[in-house]
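Written below as C-alpha cells is the structure these notes are about.
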There are 2 protein chains.
Amino acid sequence: MSGPAPTLRSLARTLGLSRTTVSDALRGSLRVDPATAARVKKAAREAGYRRNPLAGALMSELRRSRGTAFRGVIAAVDFHELDRPEYAARYHSELALGAQTRATELGFKLEKFIVGRAGLSVQRLDSILQSRGIHGVILLPAWGEPDLSNLDWTRFAGIYTDYIIERPALHSVCSDHYRSLLAALQRLAALGYTRPGLFLQKHQDERLQYRWGAAFRAFQESHAGIRPVPPLIAEKFSRETFTAWFQRHKPDVVLGHNTEAIDWMEAGGAQVPATHGFVSLNVLMKTRPCAGLDLLPRQLGARGAELLIAQLQRNETGIPEWPSTTTIPARWMDGPTLRSAPPSK
Amino acid sequence: MSGPAPTLRSLARTLGLSRTTVSDALRGSLRVDPATAARVKKAAREAGYRRNPLAGALMSELRRSRGTAFRGVIAAVDFHELDRPEYAARYHSELALGAQTRATELGFKLEKFIVGRAGLSVQRLDSILQSRGIHGVILLPAWGEPDLSNLDWTRFAGIYTDYIIERPALHSVCSDHYRSLLAALQRLAALGYTRPGLFLQKHQDERLQYRWGAAFRAFQESHAGIRPVPPLIAEKFSRETFTAWFQRHKPDVVLGHNTEAIDWMEAGGAQVPATHGFVSLNVLMKTRPCAGLDLLPRQLGARGAELLIAQLQRNETGIPEWPSTTTIPARWMDGPTLRSAPPSK
DNA sequence: GGACATTCTCGGACTGTCAGACTTTCCGAG
DNA sequence: CTCGGAAAGTCTGACAGTCCGAGAATGTCC
C-alpha cells in the first residue's frame with residue numbers, strides 16, 4: 001500500500017481546520033458552516049478517506065461514558081405461573097443468569113420483572129420501563145402464551161428466549177431441538193442402537209411446531225438401518241400407556257423428557273443400560289443420573305442478552321420487520337443409561 | 001452509580017508507575033520486573049480492573065499498522081463454481097447486495113472475494129485479508145462443502161449464509177425452511193387443499209438435514225383432515241418419475257422447486273390452478289409466474305452482515321464456543337397457480 | 001573511574017468523538 | 001457611538017490501551 005491512509009487529522013492539516021471540525025462535518029453535524037462542510041467532504045472524497053467505524057464507536061463510547069463502564073439497563077421479564085414445575089424454574093434461573101452475566105460483560109445491568117405478581121400488569125410494566133429509561137426487554141419463556149402487544153414496542157427492543165410467540169413477533173433465541181435430536185440419534189446409531197423410540201407429551205412437541213417428532217421421523221426415513229418405531233406422543237401419558245407402547249414396539253433405546261420412564265422400562269423387564277438405553281431430552285428434567293441433552297439455557301440467556309444489546313447499540317427499537325430465530329444446538333451429556341460401546345458381533 | 005471504573009491510567013497513578021508499565025505487566029510482557037508485575041496484578045485485582053478488549057485490539061492494530069492498514073471493511077467470500085445454476089447466482093447476488101447495503105448502513109464497506117478463481121486459494125485469501133486489515137468474513141453458500149479450516153480464524157470473525165458447515169463451525173444465517181413450509185401448508189389448508197404433495201431433489205433436503213421433508217410430514221401428522229401423500233424425494237427425477245408419482249398419489253396441490261412440474265401436471269390432464277395447485281419452494285427458481293416462498297436472500301445477507309459486524313464490535317474473532325444459527329422465515333408470495341378461495345361446498 | 005552492556009521503566013504517538021470553551025460577528029439597548 | 005449579550009463557527013482537552021524507541025539506573029570489566 002502506498003503511504004499511510006488518510007485520517008481525520010491528516011485531512012484537518014490539509015484543510016487548515018481542526019480534527020473536530022472535520023469529524024463534525026463528515027458526520028453531518030449542524031455545528032459546522034455548510035460551506036466548510038462541503039469543502040471537507042470534497043477533500044475527503046478526493047483523498048479517499050474512509051472512516052473507521054470501530055474506532056469511531058470506541059471513541060464515542062469512551063467520551064459519552066466519561067470513564068464509567070455503565071451503559072444502561074435491560075429488563076428480564078418473567079411471567080408469574082403458580083404451577084411452574086421445578087425444572088422449569090431452574091431453566092428460567094439459568095436463562096436469567098446467562099443474560100445477567102453477558103449483560104454485565106457488555107456494560108449493562110439486568111433487572112428482573114415478574115408480570116402477574118404483586119399487581120404488575122403489562123401496562124404497569126410499560127410505565128415502569130419507560131420511567132426507568134429501560135429500552136431493552138428480554139422475555140423469559142411462559143407456558144401459557146402471554147400477549148405483550150400492549151407494550152409500546154416503538155420504545156423497546158425485545159427478544160424472546162423461547163420459540164416465536166408472535167404477540168408481537170420479535171426476534172427469539174432458543175435451543176435447536178431439531179438438530180440436537182438428529183445429532184443425538186446419530187450418536188445412538190453409532191453406539192449400535194437400531195430401534196430408538198421417542199415418547200413425548202403432545203404439548204411439548206406442539207409448542208416447538210413438532211420439531212421433536214419431525215426430527216425423529218426425518219432420522220428414521222434417512223437411515224435404512226434404523227427400524228421404525230412409531231413415537232408415543234400423547235396428551236398425557238401414564239405408566240400403562242408407556243408400558244403398552246414399550247412392550248408393543250420394543251425400542252432398544254428410549255428418548256423422552258420424563259426419567260420416570262426408566263422405572264417403567266425396568267418394571268417391564270428391561271435393564272438399563274444392560275438391555276436398553278435411555279436419553280433425556282432435557283437434562284434439567286432428569287430425576288436421576290442419565291444421558292441426555294443439555295439445552296444450554298445459560299448460553300441461550302447470554303446470547304439473548306447479547307442480541308438485545310446489539311439491537312440497542314444499533315438504536316433498533318420497535319417490532320422488527322424480519323423477526324428471526326437464533327438457535328444453539330444442545331450439548332450432549334453422557335450418562336449411565338447408555339451402553340458405552342456398540343455391542344460386539 | 002459509584003465513580004468511574006478503574007483504567008490503566010488510574011492504576012498507574014495509584015501505583016506510581018507509567019501506564020505502559022501497567023499495561024505491559026498485565027499483558028505478561030517480559031520487559032517488566034517480575035516483582036513490579038506482581039504488584040501491578042495484585043492492585044488491578046483489588047481495584048476490580050477490567051480490560052476493554054475492543055480498546056486493546058484497536059490500539060494494538062493502530063500501533064502495529066502505523067496508520068497504513070485499511071479498516072472498516074468486511075469481506076464477502078464466494079466460491080467459484082462453474083456449474084452454478086442461474087437462479088443460484090441470483091440468490092448469491094441478492095445475499096451479497098443485502099450484506100453490502102447493511103454494511104454501508106453500519107459504516108462498513110463490503111468487498112467481494114471469489115475463492116477458486118484467478119488463483120485465489122484459501123491460503124492466499126488469508127494473506128490478503130490480513131494485509132488489508134479485514135477481520136470480518138461473510139461466507140456465501142457453496143454447493144460443494146468447502147473447507148476453510150486453513151484460515152487463521154483467531155484473526156477473523158466469520159459467518160455462513162447457509163446451513164451450518166462445520167469446517168469450521170461458525171455462526172450461520174439462513175432461511176427457516178421448516179417453519180416456512182409449515183406456514184405454507186397451513187395456508188394451503190385454509191384454501192381448501194387436502195392432499196398436498198411434495199417433490200424434492202434428495203440433495204436439496206439432505207443439505208438442510210431433511211427439514212423440507214420433516215416439516216411436510218409433521219404437518220401431515222398433526223392435521224387430521226389432511227390425507228397423507230408420500231413425498232417424492234429422488235436423487236434425480238424426470239418427467240416420468242414425477243408423472244408416475246402424480247398419477248398414483250393424486251395430490252391436489254404440488255410443492256417443489258422445479259416449476260417444470262406444472263407442464264408435467266398439465267400433460268397428465270391437470271389444469272393449474274383450476275383443478276390443481278402449485279407452489280414453488282424458492283421463487284428465485286421459478287421459470288413462470290407462480291405462488292411460492294421468497295427465501296429473502298437480501299434480508300439474509302443483511303442480517304449476516306449485521307451479526308458479523310456485531311461480533312467485530314465486541315472484538316470477537318475466532319471460532320465461537322457456541323455456534324448458533326439465525327433463521328428468518330420465508331415470505332409467502334401469492335401467484336396464479338393457486339385457487340384464490342376454498343371451493344364452495 | 002570510565003566505558004559499555006543490560007535491565008527496567010517511561011513517554012510519544014495515535015484509524016475519532018464529545019462537550020465545553022474560545023473567537024468572531026452581529027445587533028439591540030442605553 | 002459604545003457596550004454587552006447572543007449566536008455562529010471553530011478549537012482543544014481528554015481519552016477503557018498498545019507499540020517501540022529511548023533514557024535512567026545498575027552492574028561489570030579493564
Exercise. Mark yes when over 12 heavy atoms from residues, nucleotides or ligands other than B:R167 sit less than 6.0 Å from its CZ; otherwise mark no.
Key: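 Yes, the 6.0 Å shell around CZ holds more than 12 heavy atoms from other groups.
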
Quiz item: For the side chain of A:H92 and the backbone of A:P141, is there at least one donor-acceptor N/O pair under 3.5 Å apart?
Solution: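 Side chain of A:H92 to backbone of A:P141: a pair is present.
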
By the 4.0 Å heavy-atom rule, please label [X] as base, sugar-phosphate, or nothing.
X: B:R27; value: sugar-phosphate
X: B:L17; value: sugar-phosphate
X: B:T20; value: base
X: B:G16; value: sugar-phosphate
X: A:R9; value: base

What's the [atom1]-[atom2] distance between [X] and [N], to the nearest Å?
X: B:L8; N: C:dC10; atom1: CG; atom2: C1'; value: 14 Å
X: A:L54; N: D:dG17; atom1: CG; atom2: P; value: 17 Å
X: B:R19; N: D:dC15; atom1: CZ; atom2: P; value: 11 Å
X: A:L62; N: D:dT18; atom1: CG; atom2: C1'; value: 14 Å
X: B:R13; N: D:dA16; atom1: CZ; atom2: P; value: 8 Å
X: B:L15; N: C:dT9; atom1: CG; atom2: P; value: 12 Å
X: A:L11; N: C:dT17; atom1: CG; atom2: P; value: 12 Å
X: B:L58; N: D:dG17; atom1: CG; atom2: C1'; value: 9 Å

Self-check item: B:M59 vs B:V22, nearer the 5' end of DNA chain C by closest nucleotide
Solution: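 The residue closer to the strand's 5' end, by nearest nucleotide, is B:V22.
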
Quiz item: Any salt bridge between B:R102 and B:E105, counting N to O under 4.0 Å?
Solution: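 Yes.
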
Is there a side-chain polar atom (N or O) of [X] under 4.0 Å from OP1 or OP2 of [N]?
X: B:S23; N: D:dG17; result: no
X: B:R63; N: C:dC14; result: no
X: A:S60; N: C:dC18; result: yes
X: A:T21; N: D:dC11; result: yes
X: A:R64; N: D:dC15; result: no
X: A:S18; N: D:dT10; result: no

Practice problem: Assess the side chains of A:R303 and A:T326: does a donor N or O sit below 3.5 Å from an acceptor N or O? | Solution: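 No, no side-chain donor-acceptor pair sits under 3.5 Å.
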
Quiz item: Does any donor atom in the side chain of B:H135 or B:Q130 lie under 3.5 Å from an acceptor atom in the other side chain?
Solution: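 No, no side-chain donor-acceptor contact under 3.5 Å.
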
Quiz prompt | Nucleotide nearest A:R31 (side chain, heavy atoms from C-beta), chosen from D:dT10, D:dC20, C:dT17 | solution =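 Nucleotide nearest to A:R31's side chain: D:dT10.
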
Quiz item: Quick one: CG on A:L17 to CG on A:L8, what's the gap to the nearest 0.5 Å?
Solution: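 Between A:L17 CG and A:L8 CG, I get 11.5 Å after rounding to 0.5 Å.
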
Quiz prompt | Any-strand Watson-Crick or G-U partner of D:dA22, both distances under 3.5 Å | solution =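 C:dT9 is the nucleotide pairing with D:dA22.
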
